[in-house]
Amino acid sequence: MARTVRFHELGGPDVLRVEDVDAGDPGPGEVLIRVDAIGVNRAEALFRSGNYIEPVKEFPARLGTEAAGVVEAIGPGVTGFEPGRPVSVVPGFSMNDHGVYTERAVVPASAVLHRPDGLDAIGGAAVWMPYLTAYGGLVDVAGLRPGDTVVLTAASSGVGLAAIRLANHVGATPIATTRTRAKKDALLKTGAAEVIVTDEEDVADRVLGLTEGRGAEVVFDAIAGPGVTDLAKVVAPEGTLLLYGALSDEPTPYPGFDLGMPALNMRTYTVTRETTAHPERLLRAAAFISSGLRTGAFEPVVDRVFDLDEVVDAHRHMESGNQVGKIVLTVGH
Ligand SMILES: NC(=O)c1ccc[n+]([C@@H]2O[C@H](COP(=O)([O-])OP(=O)(O)OC[C@H]3O[C@@H](n4cnc5c(N)ncnc54)[C@H](OP(=O)(O)O)[C@@H]3O)[C@@H](O)[C@H]2O)c1
């Protein structure tokens, strides 16, 4: 039996229960992982509350797509992994099918990566969702190049901090936004060239001022909602406004007409649909990220670590919005 987080109804953090569940055996194409650490992501809070892009299909439901641990067993047809191998699980499956908030998880081998040397379980559970999302969105989809400027909203999130590092790594200039002054220094320390405090400053004025009126080649937005109108004003000609999250729960307009029909390229991006679902794209992204981890250009940024039994507190902490970087659950065996 494996201690496993499940929920029997939709709701806030309090619906989460730690229960003993049979982990099962790996089927064809699957791997059984002894989970040592789990990456906590906004997607889980949205799934738990019924607001995710995919609804819960049946109760009790499981949670989690990002973890690190060790291979315990492999199913028929799986190659490249052997028991004892340190690995990470990356978001590449539906939480209706598998969940990694548990001591032992069966997951598709296509969502398992060898853990680079020197990356411990906590780092291995904190690094992939942020960097895969930043790489897939900024490099693969938006084509971020040296010399470009990129605006990163809600930049203190796990993805935002990875995007700051990645932008610097490719020779682009990252401009970060945050709501209050509290996280400004942390963002500058991570490598943001400029930080805009949105409760006090006008994003459009600041970005246009910093770019001599040109705007940013890429705007990578985790907030959406009415703020996209101001963000659209700062997209440079031929640039992209890429929406990858909806932290605002207000409707999101398409601002192209109000702005006089500029050549506004505005689209959504999800790492699961556009990066991890495609083996060749996942491999390319993983190679890029592993190389950055080896050189020290990239590193996991962990805000706080909770025990699996403290999952309710971990979700409350995520929803407080006070974090800088990733929240991780650890599993004692
Ligand atoms: N598309 C994808 O494939 C993909 C992958 C991963 C994550 N995501 C999305 O990316 C976003 C960030 O996820 P995450 O897990 O890295 O971090 P997170 O924990 O959801 O992000 C936290 C940060 O967002 C800011 N924030 C929170 N609520 C906000 C609000 N209502 N309006 C504006 N800012 C708000 C806060 O920063 P400040 O206090 O500094 O403002 C907070 O530190 C989420 O929306 C998530 O769903 C998408």
Side-chain angles (χ1 to χ4, degrees), residues 13 38-49 51-54 63-66 90-95 125-138 140-142 151-166 176-188 190 192 195-201 203 220-228 230-231 242-250 252 267-278 281-282 285 300-304 314-329:
I38 300 151
V40 175
N41 290 296
R42 181 72 51 168
E44 288 106 69
L46 297 172
F47 191 64
R48 186 204 71 218
S49 58
N51 296 309
Y52 192 48
I53 47 175
E54 186 191 353
L63 275 183
T65 58
E66 186 183 32
V90 302
F93 47 85
S94 165
M95 287 185 272
V127 83
W128 292 107
M129 174 75 116
Y131 280 96
L132 287 171
T133 306
Y135 178 89
L138 293 179
D140 261 356
V141 172
V151 174
L152 304 166
T153 67
S156 63
S157 77
V159 178
L161 296 172
I164 291 173
R165 291 291 195 101
L166 187 136
T177 82
T178 175
R179 290 171 297 180
T180 67
R181 283 176 199 213
K183 300 175 185 171
K184 184 171 178 175
D185 287 345
L187 292 169
L188 289 170
T190 304
V195 176
I196 302 173
V197 177
T198 57
D199 284 357
E200 299 172 13
E201 301 172 279
V203 177
F220 197 44
D221 179 33
I223 303 171
V228 297
D230 269 353
L231 294 176
L242 197 56
L243 285 87
Y244 73 97
L247 288 164
S248 160
D249 40 26
E250 293 184 68
T252 304
R267 87 190 277 302
T268 51
Y269 165 79
T270 62
V271 69
T272 42
R273 290 182 178 150
E274 298 200 53
T275 302
T276 56
H278 306 276
R281 285 192 216 161
L282 173 58
V301 181
V302 176
D303 173 77
R304 201 162 150 195
H315 269 226
R316 283 201 189 114
H317 182 54
M318 174 170 46
E319 295 194 341
S320 75
N322 290 328
Q323 68 274 39
V324 177
K326 291 281 297 202
I327 298 160
V328 173
L329 297 171

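Since this is a predicted model, take the numbers as computed values, not measurements. Counting starts at 1 for both ligands and their atoms, following the listed order.
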>> Taking non-hydrogen atoms within less than 4.0 Å of ligand 1, which protein residues qualify?
In response: Arg42, Met129, Thr133, Ala154, Ser156, Ser157, Gly158, Val159, Thr178, Arg179, Lys183, Ala222, Ile223, Tyr244, Gly245, Ala246, Leu247, Tyr269, Thr270, Val271, Gly321, Gln323
>> Between Thr276 (side chain only) and Pro91 (backbone N and O only), is there a donor and an acceptor less than 3.5 Å apart?
In response: yes
> For Arg316, which residues count as a salt bridge (Lys or Arg N to Asp or Glu O under 4.0 Å) partner, sequence neighbours excluded?
Replying inline: Asp14, Asp313
> Between the main-chain N or O of Ala224 and the side-chain N or O of Asp221, is there a donor-acceptor pair closer than 3.5 Å?
Replying inline: yes
> Do Ser49 and His315 come close enough that some side-chain heavy atom pair is under 4.5 Å?
Replying inline: no
> Would you say Asn51's side chain and Leu46's backbone share a donor-acceptor pair under 3.5 angstrom?
Replying inline: no
> Within the side chain of Lys326, is there an N or O that forms a donor-acceptor pair under 3.5 Å with the backbone of Asn41?
Replying inline: no
